Amino acid sequence: MVTKQFRGSPEDADLMRADSLAREIFSDVANKWALLIIEFLGERTLRFSELRNEIEGISHKMLTQNLRMLERNGLVDRTVYPTVPPRVDYALTEPGRALRVTIDGLCDWTHRHLGNIEAARRRFDG
């Protein structure tokens with residue numbers, strides 16, 4: 001294995017690291033399930049089963065994987081209560097709520113331009 005020596009400034013290294021992290025996070029959260037989980041959690045706390053019932057078509061496995069990824073990235077808090085059976089609640093963190101504002105903006109954009117998008121698709125596909 002060959003390792004290259006980084007020759008840039010410390011500031012350049014910080015920018016490269018931040019850019020790499022940003023791409024990784026975008027890759028994680030830019031999927032339909034993560035976006036729907038963030039949207040459905042909103043300003044409330046939900047249990048796993050409640051989230052699964054809210055999000056049509058998501059499997060147990062996909063919900064588990066996406067909740068773990070969102071928790072790892074600091075967007076979702078997971079609280080386990082020592083009951084039988086265990087109770088687990090999920091809620092957005094402050095960064096998760098901030099991301100939801102951005103997602104809401106994308107949804108608003110879609111609603112405002114839906115007619116244009118559908119017309120463009122018809123022209124393209126026709």
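A quick note: this is a predicted structure, and the numbers were derived from the prediction, not measured.
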Q: Can you give the donor-acceptor pairs under 3.5 Å from side chains of residues 55-71 to other protein atoms, not counting sequence neighbours?
A:
unit_1: Ser59; atom_1: OG; unit_2: Met62; atom_2: N; d: 3.0
unit_1: Thr64; atom_1: OG1; unit_2: His60; atom_2: O; d: 2.9
unit_1: Asn66; atom_1: OD1; unit_2: Asn31; atom_2: ND2; d: 3.2
unit_1: Asn66; atom_1: ND2; unit_2: Met62; atom_2: O; d: 2.9

Q: Suppose we screen for side chain to side chain contact (heavy atoms under 4.5 Å, CB included). Which residues come up paired with Ser27, at least two apart in sequence or across chains?
A: none
Q: Please tabulate, one pair per line, all N/O donor-acceptor pairs under 3.5 Å involving side-chain atoms of residues 75-86, not counting sequence neighbours.
A:
unit_1: Arg78; atom_1: NE; unit_2: Tyr90; atom_2: OH; d: 3.4
unit_1: Thr83; atom_1: OG1; unit_2: Pro85; atom_2: O; d: 2.7
unit_1: Thr83; atom_1: OG1; unit_2: Arg87; atom_2: N; d: 3.3

Q: Scan residues 29-41 for pairs that pass salt bridge (charged side-chain N to carboxylate O under 4.0 Å, His left out), counting only residues two or more places apart or in two chains.
A: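 Passing the test, one end in residues 29-41: Glu39-Arg100.
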Q: Distance-only check: which donor-acceptor pairs under 3.5 Å involve side-chain atoms of residues 115-125, not counting sequence neighbours?
A:
none

Q: Sequence neighbours excluded, which residues qualify as salt bridge (Lys or Arg N to Asp or Glu O under 4.0 Å) partners of Glu24?
A: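 Checked Glu24 against salt bridge (Lys or Arg N to Asp or Glu O under 4.0 Å); matches are Arg72.
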Q: Applying ring pair (Phe, Tyr, Trp, His ring centres under 6.0 Å), name anything that partners His111, two or more places apart in sequence or on another chain.
A: none
Q: Show the atom names and distances, to 0.1 Å, of all donor-acceptor pairs under 3.5 Å that link a side chain in residues 41-49 to residues at least two apart or in another chain.
A:
unit_1: Arg44; atom_1: NE; unit_2: Phe40; atom_2: O; d: 3.0
unit_1: Arg44; atom_1: NH2; unit_2: Phe40; atom_2: O; d: 3.1

Q: Once rounded to the nearest 0.5 Å, what's the spacing between atom CZ of Arg97 and atom OG1 of Thr102?
A: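 Going from the CZ atom of Arg97 to the OG1 atom of Thr102 covers 14.0 Å.
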Q: Can you name the residues that form a side chain to side chain donor-acceptor pair (under 3.5 Å) with Asn53, not counting sequence neighbours?
A: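 Testing Asn53 for side chain to side chain donor-acceptor pair (under 3.5 Å), a comparison that skips the adjacent residues, returns none.
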Q: My understanding is that only one of Leu35, Leu36, Asp108 makes a side chain to side chain contact (heavy atoms under 4.5 Å, CB included) with Ile103; could you say which?
A: Leu35
